[in-house]
Amino acid sequence: MVSNSSSGAAKSLFASLAVLGSSSLVTILAGLFSAKIAALLLGVEGVGTLGVALTIVSGTAALVMQGGDQAVVRLCGMLDQKGGKSSSGAVVSAARKNLFFATLLALATAWLFTGSISRWLFGGSSPGWWLPMVVLSGCLYGFYLLQVSTLVANFEVNAIASLAVKISFISPIVSFILFYWLGAKGVIPSVLISNMGIVAVSLFVVDKRVALLKESSVTKKYRRKLLVIGLPLVPANIMSSVTTLVVIMGINRYMSLIEVGYYRSSKIISVGYLVIINSVIYKDFFPKISNLSKNQNEFQKLCETQIRFILYFLTPVLVAVVASMPISVRLLLSEDFLPAVELIQWQVVGDLFMVIGAVLSTILFVRSGSVVKLFLEVGSSFALVFFSLIGIKSFGMTGLGAGYFLSSCFFVLLSLLLLHLDGFVLPRKILNHLLFSTVAILSIPFLISITKIDSLRLIGIPIIAVTIYPIAKSEFRDEILRLIIMAKKKLSLHKY
């Protein structure tokens, strides 16, 4: 028997998924189009160069935001719990001012030390203008992420979805023109121009919904509070980009830039499902638990519902991804990227643990604060570098994928340990389901590696059926049936 609160949480999840998922599908299609353009016009090495640039962009964005994207949501949640509606306009104005000063510092640093930084990253092979342009792109992207967090803090789910759709095709169009015209030389200009367009559209959407306040004693107070919450998150946020750069440098050192292209392509394959799940986690789950942190009963139920939702619905998707692997690589990229299949098969099951870890990390941040989350992120980043480099040296691309999987397991285990110390414990049933999902996803590549029979991927069909069956007994059943009945009614109306 499903409780009313669990049923309500499930219904809320499906409502958010319907809005965010539909917009994410558009984003996914645009991203896959961009990936196809890059694969055809740039080749494997060009995709590797693009991957390095985007990694620096995301790292710069994390640095200049100073944790502001998460701090805005958390501060608004804390102010709401104290009574009354938070002055989100003042909070956003304060966050923008912090971002402006950080951007000036980042650009000055990039301009002054471009030679030494370029030599450290690329052996001095990149032009002098390369790094400042990438850093500027990162600052612009950071401003866009701050805009999104403004909508998240105000529970503007429809506006978030609308913004995602509006900006989704900016990058593919710009990339196609510049890659076709300039080839690999168009990588950096395309990234910069795309981010300029994204910021312009996001400003138009956000400023219509949130009234910003001029500099005052209130905004100055919020600037300090945002820094207190956000600054401990800066190392945690940039660790992801720094870790990716270290892994890329390791691949380039022990193999070549071609393998860097395979590594980048593996991330392109996973974007389809990660975009939707991460949107729900950050744009729906995070603001909700931020406002429920003092209501422990509801807080626990919402967290458990979120994790069950991911396990029920992501597992069959991941099994399908592994089962269709060679075909999907040919379709989404090209024949040249088939050597990445071994890496992707391990990465897929690692993605399951990474998504669960993202939920647990969000819970830990709300319950224990920025410093504990910093410890978690730093520990898991070191684990990723360690396992990845050991895997690369020992088994090449397959070892890189296995290293990602092992580091993802470490991420989840460390999260569970830290939450247990804080008094938050997941039911054994959820942990058993995670084990079941892991075995289901890994069974296909494991059997193929033993038998060397690639046609065994067909067993993915019954495995998908087995992973779907538990949904019929879950709290999501009634909501699925309601959506099916609604869809049937709409179809019957169209007939007449």
Side-chain angles (χ1 to χ4, degrees), residues 35 44 47-48 51 240 243-244 246-248 250-251 254-255 258-274 277-278 310-311 314-330 332-333 337-358 380-414 434-454 456-457 459-460 463-464 467:
V44 178
V47 171
S240 174
T243 300
T244 303
V246 172
V247 171
I248 286 174
I251 298 170
Y254 295 112
M255 288 183 274
I258 291 175
E259 280 73 20
V260 174
Y262 295 147
Y263 175 69
R264 171 64 185 163
S265 69
S266 70
K267 303 300 181 185
I268 292 170
I269 294 291
S270 64
V271 73
Y273 49 86
L274 290 182
I277 296 296
N278 287 331
I310 291 170
L311 290 173
L314 188 58
T315 302
V317 170
L318 296 181
V319 173
V321 169
V322 173
S324 65
M325 195 37 47
I327 298 171
S328 58
V329 169
R330 288 191 186 97
L332 298 175
L333 299 166
F337 290 84
L338 284 176
V341 168
E342 288 293 323
L343 164 63
I344 296 169
Q345 289 177 159
W346 282 100
Q347 179 187 284
V348 165
V349 70
D351 284 339
L352 175 66
F353 278 81
M354 276 296 181
V355 170
I356 297 297
S380 58
S381 295
F382 276 115
L384 177 58
V385 170
F386 175 77
F387 286 121
S388 296
L389 294 182
I390 294 294
I392 291 168
K393 292 177 69 175
S394 304
F395 303 105
M397 296 303 290
T398 303
L400 176 61
Y404 175 76
F405 167 61
L406 291 174
S407 65
S408 303
C409 293
F410 177 84
F411 182 34
V412 170
L413 291 173
L414 184 57
L434 177 58
L435 179 61
F436 165 74
S437 299
T438 305
V439 172
I441 299 167
L442 277 179
S443 58
I444 298 174
F446 180 73
L447 286 172
I448 291 172
S449 64
I450 292 176
T451 62
K452 308 299 181 185
I453 303 173
D454 201 60
L456 279 174
R457 291 184 190 279
I459 68 168
I463 292 175
I464 290 171
T467 57

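Between Trp346 and Leu442, some side-chain heavy-atom pair lies under the 4.5 Å cut-off.
The CD atom of Glu259 sits 10.5 Å away from the CG atom of Leu343 when rounded to the nearest 0.5 Å. Annotation: the span from Ile251 atom CD1 to Leu400 atom CG amounts to 4.5 Å, rounded to 0.5 Å. Taking CD1 of Ile344 as the start and CE of Met397 as the end, the distance is 8.5 Å to the nearest 0.5 Å.
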- Message: Could you go through Leu352 and Leu434, starting from their C-alpha distance and side-chain angles, then the distance that decides it, and tell me whether this counts as side-chain contact (heavy atoms from CB on, under 4.5 Å)?
- Response: CA-CA 9 Å; Leu352 175 66; Leu434 177 58; 4.1 Å; yes

- Item | Test side-chain contact (heavy atoms from CB on, under 4.5 Å) applied to Val247 and Leu389, step by step | CA-CA 7 Å; Val247 171; Leu389 294 182; 5.6 Å; no

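Of the possible donor and acceptor atoms, one in the side chain of Ser443 sits under 3.5 Å from a partner among the backbone N and O of Ala440. Remark: side-chain polar atoms of Ser407 are paired, donor with acceptor, to backbone N or O of Tyr404 under 3.5 angstrom. A donor-acceptor pair under 3.5 Å is formed between the side chain of Ser408 and the backbone N or O of Gly350.
Listed here is the closest heavy atom pair of Ser437 and Leu311: OG-CD2, 4.1 Å. The two atoms that bring Gly357 and Val412 nearest to each other are N-CG2, 3.9 Å, heavy atoms only. Scanning all heavy atoms of the two residues, the minimum distance from Tyr262 to Pro339 falls at OH-CG, 3.5 Å.
Aromatic ring pairs are classed by plane angle as parallel below 30°, tilted from 30° to 60° and perpendicular above 60°; the pair Phe353 and Phe405 is perpendicular.
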